[in-house]
There are 2 protein chains.
Amino acid sequence: MDAHDTLVAQRMRAFEELCRRQGTPVTVQRRVILEAVLASHDHPTADQIYDRICGRIPEISRTTVYRVLDTLVGLGMIGRAHHPGSAARFDAKTHRHHHLVCTSCRKMIDYETPELNDLPLPEPPFGFQVTDYSIQFMGLCPDCRAAAHGREDDSSA
Amino acid sequence: MDAHDTLVAQRMRAFEELCRRQGTPVTVQRRVILEAVLASHDHPTADQIYDRICGRIPEISRTTVYRVLDTLVGLGMIGRAHHPGSAARFDAKTHRHHHLVCTSCRKMIDYETPELNDLPLPEPPFGFQVTDYSIQFMGLCPDCRAAAHGREDDSSA
DNA sequence: CTCCGTGCAAAAGGTTTGCACTGGT
DNA sequence: ACCAGTGCAAACCTTTTGCACGGAG
């Protein structure tokens, strides 16, 4: 476990340094929430994080957990996973296909490519029986690319 | 557009036949909602579907839309897309990695395989600028597999 | 005719927002 | 000391649930 602890410690230091560089305050809440996420290996929801840190900061509010998680994602310290179930978006296609997702406007475009429909599935670990898969490509859609360029132009002008 | 219309018509007939086979009533609501999804190419939310069919069935309730969409997904007539944004699950990993998602208990397990981290990205269409990707493998986790087998045994016993 | 599906309304989450205060820099 | 971050409470939005009625098989 030393190796893992060391990694966490490194991430914490990286976080502190990042905050210092950006003038972002390093609060107790942020530290504890980040630690909680780093210690989790099961993709917790905001609410689960809240439950886990209640022992350490009993008076913390759910609101803060949401805000801090957002901040941490923004800083690139943690990732946001896309979980099915909370999805609630529907699709006429039922066959295998993939998606282009714009990280800016969240638009979702179907992406059908024969080449990606026969990936050599590696031996699934954990005894998982894989029946299908879908690839999400994250990026910038043309509209948001244009908008981003426009904004750059503005700042340089 | 004829080709597309024909496809939709085919799906509608398939739907009706499927319902007939299962003794599932073919209601106006189901038909209209299915048509709405088949006509959509933008991964609408339940609410967006609701808005789109309000013109055709003004007195329809949101509740019905949710229920019918669920039914249609269950029948395999439409798909459910996993959209980021409604996600709200967090992850200590910020590097490229993939997920095994259990379709039964919705558990989500990280899946790191070097072989899948350098997919030859095909030319992204629509001028989309891809910065990263993540693969979701859908299937049954060991626990749910065991549970399913147990149930089969029960029914056969 | 019998049931399932539907509509309404209300409940149940989960997430966001406004405002005053506390804590980090 | 200043400003951002936090806590509280309430708003908000999406989704689910209970019950009575109406339409489909």
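Fair warning: this is a prediction, and the values are worked out from it, not measured in the lab. Values below: every heavy atom of this structure, side chains too, minus hydrogens, waters and symmetry copies. Chain letters run A, B, ... following the sequence lines, proteins first and then strands; every chain starts at 1.
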Exercise. Would you kindly give the CD-to-C1' distance between A:Q48 and C:dT15, to the nearest whole Å?
Key: 15 Å

Return all side-chain donor-acceptor pairs below 3.5 angstrom for residues 61-68 of chain B, not counting sequence neighbours, or 'none' if the list is empty.
unit_1: B:S61; atom_1: OG; unit_2: B:T63; atom_2: N; d: 3.4
unit_1: B:S61; atom_1: OG; unit_2: B:T64; atom_2: N; d: 3.2
unit_1: B:S61; atom_1: OG; unit_2: B:T64; atom_2: OG1; d: 3.2
unit_1: B:R62; atom_1: NH1; unit_2: B:D47; atom_2: OD1; d: 2.8
unit_1: B:R62; atom_1: NH1; unit_2: B:D47; atom_2: OD2; d: 3.2

Quiz item: From A:T24 OG1 over to A:F15 CZ, what is the distance, rounded to the nearest 0.5 angstrom?
Solution: 8.0 Å

Self-check item: Integer-rounded Å distance: C:dT6 C1' and B:Y50 OH
Solution: 13 Å

Quiz item: Which nucleotide in the set C:dT16, C:dG7, D:dT15 lies at the smallest distance from any side-chain heavy atom of B:I60?
Solution: C:dG7

Quiz item: Whole-Å distance between D:dG5 C1' and A:L34 CG?
Solution: 16 Å

Self-check item: Spacing of B:R62 atom CZ relative to D:dT17 atom C1', expressed in whole Å
Solution: 16 Å

Quiz prompt | Presence of B:R30 side-chain N/O under 4.0 Å of C:dG5 phosphate oxygens OP1/OP2 | solution = yes

Exercise. Describe, in one word, how the ring planes of A:H98 and A:Y133 are oriented to each other, choosing from parallel (under 30°), tilted (30 to 60°) and perpendicular (over 60°).
Key: parallel

Practice problem: Spell out protein contact along nucleotides 18-25 of chain C as letters: B when the base is contacted, S when just the sugar-phosphate is, - when no protein heavy atom is under 4.0 Å; keep the 5' to 3' order. | Solution: B-----SS

Quiz prompt | Between CG on residue B:L75 and OG1 on residue A:T94, distance to nearest 0.5 Å | solution = 11.5 Å

Self-check item: Donor on one side chain, acceptor on other, B:E112 and B:H95, under 3.5 Å
Solution: yes

Quiz item: Within this structure, what is the CD1-to-C1' distance between B:I49 and D:dT15, rounded to whole angstrom?
Solution: 15 Å

Practice problem: Have a look at the helix from C:dC1-D:dG25 to C:dT25-D:dA1 and give the angle its two end axes make, five pairs each, rounded to 10 degrees. | Solution: 40°

Self-check item: Spacing of A:D47 atom CG relative to C:dG13 atom C1', expressed in whole Å
Solution: 9 Å

Practice problem: Starting from P on D:dG23, measure out to CD on B:E59 and report it in whole angstrom. | Solution: 11 Å

Exercise. Would you please indicate yes or no on a ring centroid separation below 6.0 angstrom for B:Y111 and B:F137?
Key: yes

Quiz item: From D:dT6, C:dC8, D:dT15, pick the nucleotide closest to the side chain of A:Q29?
Solution: D:dT6

Quiz item: C:dG7, D:dT6, C:dT15: which one has an atom nearest the side-chain heavy atoms of A:Y66?
Solution: C:dT15

Quiz item: Is there a donor-acceptor pair closer than 3.5 Å between any side-chain N or O of B:R21 and the backbone N or O of B:E16?
Solution: no

Quiz item: With distance as the sole criterion, is a donor-acceptor pair present between the side chains of A:H97 and A:N117 under 3.5 Å?
Solution: no

Self-check item: Side-chain donor-acceptor contact under 3.5 Å, B:D110 with B:H99
Solution: yes

Self-check item: Residue whose closest nucleotide on DNA chain D lies nearer the 5' end, A:I57 versus B:D70
Solution: A:I57

Quiz item: Quick one: which of C:dT6, C:dT15, D:dG7 gets closest to the side chain of A:A46?
Solution: C:dT15

Practice problem: Return the value, rounded to whole Å, for the distance between atom CZ of B:R31 and atom C1' of C:dT6. | Solution: 16 Å

